[in-house]
Amino acid sequence: MKHKTPRCQAALERLKVFDGVPPPYDKMKRMVMPEALRVLRLRPGRKYTNLGRMCSEVGWKHRETVKELEEKRKVKGAAYWAKKKEAIKVLSLLARSLS
């Protein structure tokens with residue numbers, strides 16, 4: 001991206017990059033963007049990198065903290081999904097018994 005042109009400077013100002021899932025977005029529904037999947041975008045054999053790993057290699061000191069927080073988020077998400085699955089099951093049984 002040509003960072004010196006006004007158009008690209010504006011695009012870079014609008015760009016938001018996160019490592020992990022920050023608080024305003026952790027409660028939102030997650031979606032998969034097929035156009036952005038590495039399997040579909042890169043040819044086989046091409047090299048790629050992970051943003052968190054790359055940043056930690058150049059001096060970012062919070063990779064382990066983000067990894068711990070991400071693990072906690074996954075555990076909480078799994079518990080939430082189990083509870084929601086149980087609620088869906090109860091509602092479906094209730095709907096069957098009423099009809």
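These figures come from a predicted structure and were not determined experimentally.
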Any chance [atom1] of [X] has more than 12 other-residue heavy atoms, nucleotides or ligands included, within less than 6.0 Å?
X: Tyr48; atom1: OH; result: no
X: Arg46; atom1: CZ; result: no
X: Arg41; atom1: CZ; result: no

Check your understanding: Just how far is it from atom OG of Ser56 to atom CD of Glu64, taken to the nearest 0.5 Å?
Key ->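 Nearest 0.5 Å value for the OG-CD distance: 8.5 Å.
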
Check your understanding: Between CG of Leu91 and NZ of Lys84, what distance do you get to the nearest 0.5 Å?
Key ->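 Spacing of CG (Leu91) from NZ (Lys84) equals 11.0 Å.
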
Practice item. Flag yes if Leu93 and Leu98 sit in one hydrophobic cluster, no otherwise; membership is Ile, Leu, Val, Met, Phe, Trp, Tyr, and two members link when side-chain heavy atoms are under 4.5 Å apart. Key: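 Shared cluster, no.
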
Review point. Should Leu12 and Val17 be regarded as members of a common hydrophobic cluster, given that ILVMFWY residues are connected when their side-chain heavy atoms come within less than 4.5 Å of each other, either directly or indirectly?
Key: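 Yes, same cluster.
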
Review point. Can Lys67 and Glu71 be counted as an ion pair, charged N to O under 4.0 angstrom?
Key: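 Glu71 and Lys67: not salt-bridged.
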
Review point. Is it true that Glu86 and Lys89 have a side-chain N and a carboxylate O under 4.0 angstrom from each other?
Key: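 Looking at Lys89 together with Glu86, the answer is no, because their closest N to O distance does not fall below 4.0 Å.
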
Check your understanding: Where is the tightest heavy-atom contact between Gly52 and Arg63, given as atom of each residue plus distance?
Key ->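 The pair with the smallest heavy-atom distance is O-CD, 4.0 Å.
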
Pairwise side-chain contact, [X] with [Y], heavy-atom cut-off 4.5 Å (strictly under):
X: Lys76; Y: Arg73; value: no
X: Asp26; Y: Pro22; value: no
X: Arg30; Y: Val21; value: yes

Exercise for review: Could you please spell out the steps behind the side chain to side chain contact (heavy atoms under 4.5 Å, CB included) verdict for Tyr25 and Lys16?
Suggested key: CA-CA 12 Å; Tyr25 303 110; Lys16 290 183 182 180; 3.7 Å; yes

Review point. Side chain to side chain contact (heavy atoms under 4.5 Å, CB included) between Val66 and Trp60: does it pass, once the steps are laid out?
Key: CA-CA 11 Å; Val66 169; Trp60 188 55; 3.7 Å; yes

